[in-house]
2 protein chains.
Amino acid sequence: MADLAQNFCERRRNAESKVRTAKLRPTRQRIALADILFRKGDRHVGAEELYAEAVSAGVNLSLATVYNTLHQFTTAGLLRAIAVEGSKTYFDTNISDHHHFFVEGPNTVMDITGGPIGVTNLPEAPEGMEIVNVDVVIRLRPKRS
Amino acid sequence: MADLAQNFCERRRNAESKVRTAKLRPTRQRIALADILFRKGDRHVGAEELYAEAVSAGVNLSLATVYNTLHQFTTAGLLRAIAVEGSKTYFDTNISDHHHFFVEGPNTVMDITGGPIGVTNLPEAPEGMEIVNVDVVIRLRPKRS
DNA sequence: CTGTGTGCAAACTCTTTGCATAAGT
DNA sequence: ACTTATGCAAAGAGTTTGCACACAG
């Protein structure tokens, strides 16, 4: 029991420091979201899912706050928004340089593991522009017979 | 004048054959949209823009028809939907293997020209999945001082 | 004629916004 | 106390849907 309590406190402390890193006030909601997001390893979440998860974890917050927080975390560099076609925005807790599978049908995003993808012949940015990032998305579909 | 009329007819014929290629009935609306889409070279259009263009070209149609047609053309392989982050879907009249710049701010899509980008270390599709395509999106922002 | 396509308006999803209230420092 | 964040509900963008009417084969 003491262990559980300690883990709980430690996770909370980690989450809080994440929020402080982002120069945001460590409010209950932001700490709870940071905990959910960064407790487990790499995650790809949409706002609704994260909201549902927070609610079912007993956190009292609103969907608008989830959107606010996701954007604040993204701006602070704690999260990355993923470029996939479709109406929904996914956020990735893995900020390091990597790319994604997008699965048609369930519309889910997965990290590509097993060796870094290389992009060759990367073009120059046009005059007056700078490259923010390079996203590679490999679109998958369930194999038909 | 005769030239203009002939060009007009020829374009219309081309557009119609595009529609037939897609195994769709060559209705007035679909032919008009095909003409607008494929008359000029490569284009990246959203539904609303295409609708506006059609309307200002004197075509009488509805936005819903534009959406229907874009999806039908995409399914038929005449167009490709582009994976960019954000709420809006862009369609590309260039079906060949190429990739895109996405410009933050104006939220526009541009083809990457000047040599084909290569992707190395392309991973296997996971069990039971097949690769539909590989999209590379280079996100740009206006250079700050 | 017969069936598919279209137009319209309403519904729907995801996301943002405005403002009164609550909470952090 | 002072300021910033939150909750709520409403608005907003983009897209889809259902059904009566119109048009192509």
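Here is the naming used below: chain letters follow the sequence lines, and residue numbers restart at 1 for every chain.
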Checklist outcome for this item: Sorted by chain and number, sequence neighbours left out, ring pair (Phe, Tyr, Trp, His ring centres under 6.0 Å) with His100(B) holds for His44(B), His98(B)
Checklist entry - What is the distance from CG of Leu24(A) to P of dA5(D), rounded to the nearest Å? => result 7 Å
Checklist entry - Which residues pass the side chain to side chain contact (heavy atoms under 4.5 Å, CB included) test with Asn107(A), sequence neighbours left out? => result Tyr90(A), Phe102(A)
Item to check | side-chain hydrogen bond (donor to acceptor under 3.5 Å, both in side chains) partners for Arg43(A), two or more places apart | outcome: Glu53(A)
Next on the checklist: Going by side chain to side chain contact (heavy atoms under 4.5 Å, CB included), name the residues that satisfy it together with Ala54(A), two or more places apart in sequence or in a different chain.
Outcome noted: Leu33(A), Ile36(A), Val59(A), Leu61(A)
Checklist entry - Phe73(A) CZ to dA5(D) P: how many Å, rounded? => result 12 Å
Checklist outcome for this item: Residues passing the side chain to side chain contact (heavy atoms under 4.5 Å, CB included) test with Ala64(A), sequence neighbours excluded, are Ser62(A)
Item to check | All salt bridge (Lys or Arg N to Asp or Glu O under 4.0 Å) counterparts of Arg25(B), not counting sequence neighbours | outcome: none
Next on the checklist: To the closest 0.5 Å, what do you measure between CZ (Phe73(B)) and OG1 (Thr93(B))?
Outcome noted: 12.0 Å
Checklist entry - Between Ser62(A) and dG7(D), is there a side-chain N or O to OP1/OP2 distance below 4.0 Å? => result yes
Item to check | Rounded distance in Å - CG (Leu33(A)) to P (dA5(D)) | outcome: 14 Å
Checklist entry - Tell me: CD of Gln72(B) to P of dT6(C), nearest whole Å? => result 7 Å
Checklist entry - Taking only residues two or more places apart in sequence or in another chain, which ones pass salt bridge (Lys or Arg N to Asp or Glu O under 4.0 Å) with Asp35(B)? => result Arg11(B), Arg39(B)
Item to check | Expected output: side-chain Asp111(B) to main-chain Thr113(B) donor-acceptor under 3.5 Å | outcome: no
Checklist outcome for this item: Ordered by number, residues from residues 74-81 of chain B within less than 4.0 Å of DNA chain D (heavy atoms) are none
Checklist entry - Taking five pairs at each end of the helix from dC1(C)-dG25(D) to dT25(C)-dA1(D), what angle separates the two helix axes (nearest 10°)? => result 30°
Give the table of side-chain donor-acceptor pairs shorter than 3.5 Å for residues 117-133 of chain A, with sequence neighbours excluded, one pair per line with atom names and distance.
{"from": "Thr120(A)", "atom 1": "OG1", "to": "Gly118(B)", "atom 2": "N", "distance (Å)": "3.4"}
{"from": "Thr120(A)", "atom 1": "OG1", "to": "Gly118(B)", "atom 2": "O", "distance (Å)": "3.3"}
{"from": "Asn121(A)", "atom 1": "ND2", "to": "Pro116(B)", "atom 2": "O", "distance (Å)": "3.3"}
{"from": "Glu130(A)", "atom 1": "OE2", "to": "Arg141(B)", "atom 2": "NH1", "distance (Å)": "3.1"}

Item to check | Between P of dT6(C) and CG of Leu70(B), the distance in whole Å | outcome: 12 Å
Next on the checklist: List the residues meeting side chain to side chain contact (heavy atoms under 4.5 Å, CB included) with Arg20(A), not counting sequence neighbours, and say none if there are none.
Outcome noted: Glu16(A), Pro26(A)
Item to check | d(CG, Asn60(B); P, dG5(C)) in whole Å | outcome: 19 Å
Checklist entry - Which parts of nucleotides 15-25 of chain C does protein reach within less than 4.0 Å, heavy atoms only, written one letter per nucleotide 5' to 3' as B for base, S for sugar-phosphate only and - for none? => result BBB-----BBS
